[in-house]
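The structure appears below as structure tokens.
One-based numbering along the sequence shown.
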Amino acid sequence: MVVLSQQAALNQFFLIKSCKPTTTQIPEVNFFDPEAKTLIVKACQEFGFFKLLNHGVPMEFMTNLENEALSFFKKPQSEKDRTGPPDPFGYGSKKIGFNGDVGWVEYLLLTTNPDIISSKSQFIFQQNPQNFRYAVEGYLGAVKRMCNEVLELMADGLGVKQRNVFSRLLKDEKSDSCFRLNHYPPCPEVQTLNIGNLVGFGEHTDPQIISVLRSNSTSGLQICLRDGSWVSVPPDHTSFFINVGDTLQVMTNGKFKSVKHRVLADTTKSRLSMIYFGGPPLSQKIGPLPSLMSKEEESLYKEFTWWEYKKAAYNSRLSDNRLEPFEKSSG
């Protein structure tokens, strides 16, 4: 009876079968490779995803933030709950968004724009040692610089003369970017019950321009390939993983593909990931860049503002094809 009740409680977290082993290699780009811009474009076209080596972000920034984040997530549940529920910023647990999605995860979502006053973000910093704020700010400062350089290499690789065509949107003082710390606790019950894998974060694409992910050494991240199969991404706590977001897919008129991905929880080890989501200002009009389209090429998407797309994304389920209503073929 206890076993059955445990299984019933876990079933809501979408138990799935393990993905088949695959020989697919995740693209890797060395930041200092003379061919980096070409390799980045190729990876974004074929996978919408790549691993970045020699990125220039100091390892101490990564480990400092990891330690501070783990200290927060180890607090008693009652203390963590004081910094929630998310509005969307703040602490959340199990519930993802506002439309019924759940996962075996707890998280902190913080704004990266100093002009956006989030009472939950401020409360989180007030309730934790100053080291936590310093760790977040130090890490984000380095990651933002690296991210903008990656976006400029993308523009170079695409042959766009205005190499800041993407990065300027993130550098804008009104950039609507955010930062997420995800903690996936171990779940030994899944191994005991032998009932498959527990979904930590369900399959989805990221709506922003770009996502920069760094995790500890626990596996769990999977990406969906063009043929619909899923491949596990080997963890590397020293490197970053770059995701193409929906907005970048639109700006490149579908040349780059936003990558569908998910996270499975581990049975014995906790996974901690930190993701910077680089978004444009809310009023920014989004559409395919004319400089990336040939004379005969037609736009695949209707023009929209980031606010319109963000609002639609918030009103959808994780696994929905959020871009479909904005495709020209949808009428």
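A side-chain donor from one of Tyr301 and Gln249 sits under 3.5 Å from a side-chain acceptor of the other. A donor-acceptor contact closer than 3.5 angstrom is absent between the side chains of Glu66 and Asn64. Thr218 and Asp266 share no side-chain donor-acceptor pair at under 3.5 Å.
Counting heavy atoms from C-beta on, the side chains of Ile96 and Val102 never come closer than 4.5 Å. Within the 4.5 Å cutoff, the side chain of Ile26 has no heavy atoms near those of the Glu28 side chain. Two residues are said to be in side-chain contact when any heavy atoms from C-beta on lie closer than 4.5 Å; Gln208 and Cys178 meet this criterion. Contact check for Cys147 versus Phe240: no side-chain heavy atoms found under the 4.5 Å cut-off. Here the side chains of Arg271 and Asn216 are in contact, with some heavy-atom distance below 4.5 Å. For the pair Leu169 and Thr247, the minimum side-chain heavy-atom distance is 4.5 Å or more. Side-chain contact between Tyr309 and Arg322 is present, with heavy atoms from C-beta onward closer than 4.5 Å. Side-chain atoms of His261 and His204, non-hydrogen and from C-beta on, do get closer than 4.5 Å to each other.
With rounding to the nearest 0.5 angstrom, the SG atom of Cys44 is 5.0 Å from the CZ atom of Phe50. Of the inter-residue distances, the one linking Asn321 atom CG with Thr205 atom OG1 reads 7.5 Å to the nearest 0.5 angstrom. Considering CG of Asp33 and CG of Leu53, their distance stands at 10.0 Å, rounded to 0.5 Å.
Ring orientation note: the planes of Tyr91 and Phe73 are tilted relative to one another, at an angle of 30° to 60°.
Using a cutoff of 4.0 Å between basic side-chain nitrogens and carboxylate oxygens, Glu106 and Lys75 are not scored as salt-bridged. One finds no salt bridge joining Lys302 and Glu308 here, because no Lys/Arg side-chain nitrogen approaches an Asp/Glu carboxylate oxygen to under 4.0 Å.
In this structure, Arg214 contributes its side chain and Thr238 its backbone to no donor-acceptor pair below 3.5 Å. Judged purely by atom type and a 3.5 angstrom limit, Thr112 uses its side chain to pair as donor or acceptor with the backbone of Ser177. Remark: the backbone N or O of Leu181 is not paired with any side-chain donor or acceptor of His183 at under 3.5 angstrom. The backbone N or O of Lys171 sits nowhere less than 3.5 Å from a side-chain atom of Ser175 that would complete a donor-acceptor pair. No donor-acceptor pair closer than 3.5 Å links the side chain of Ser229 to the backbone N or O of Leu225.
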Assess the residue pair Tyr139 and Phe179 against the criterion (ring-ring contact (aromatic ring centres under 6.0 Å, His included)); give the C-alpha distance rounded to whole Å, side-chain angles, the decisive distance to 0.1 Å, and a yes or no. CA-CA 11 Å; Tyr139 175 87; Phe179 181 56; 5.7 Å; yes

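Tested against Phe256 for a side-chain contact (heavy atoms from CB on, under 4.5 Å), the candidates Val250, Leu158, Ile210 yield a single pass: Leu158.
Residues satisfying the side-chain hydrogen bond (donor to acceptor under 3.5 Å, both in side chains) criterion with Lys310, sequence neighbours excluded, are Asp176.
Put simply, Trp307 and Phe98 are part of two different groups of oily side chains (I, L, V, M, F, W, Y) that touch within less than 4.5 Å, one to the next.
In this structure, Glu298 places its CD atom where only 12 or fewer heavy-atom neighbours from other residues, nucleotides or ligands lie under 6.0 Å away. Within 6.0 Å of the NZ atom in Lys260, the count of heavy atoms belonging to other residues, nucleotides or ligands does not exceed 12.
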What donor-acceptor contacts under 3.5 angstrom involve side-chain atoms of residues 278-293, with partners at least two apart or in another chain?
none

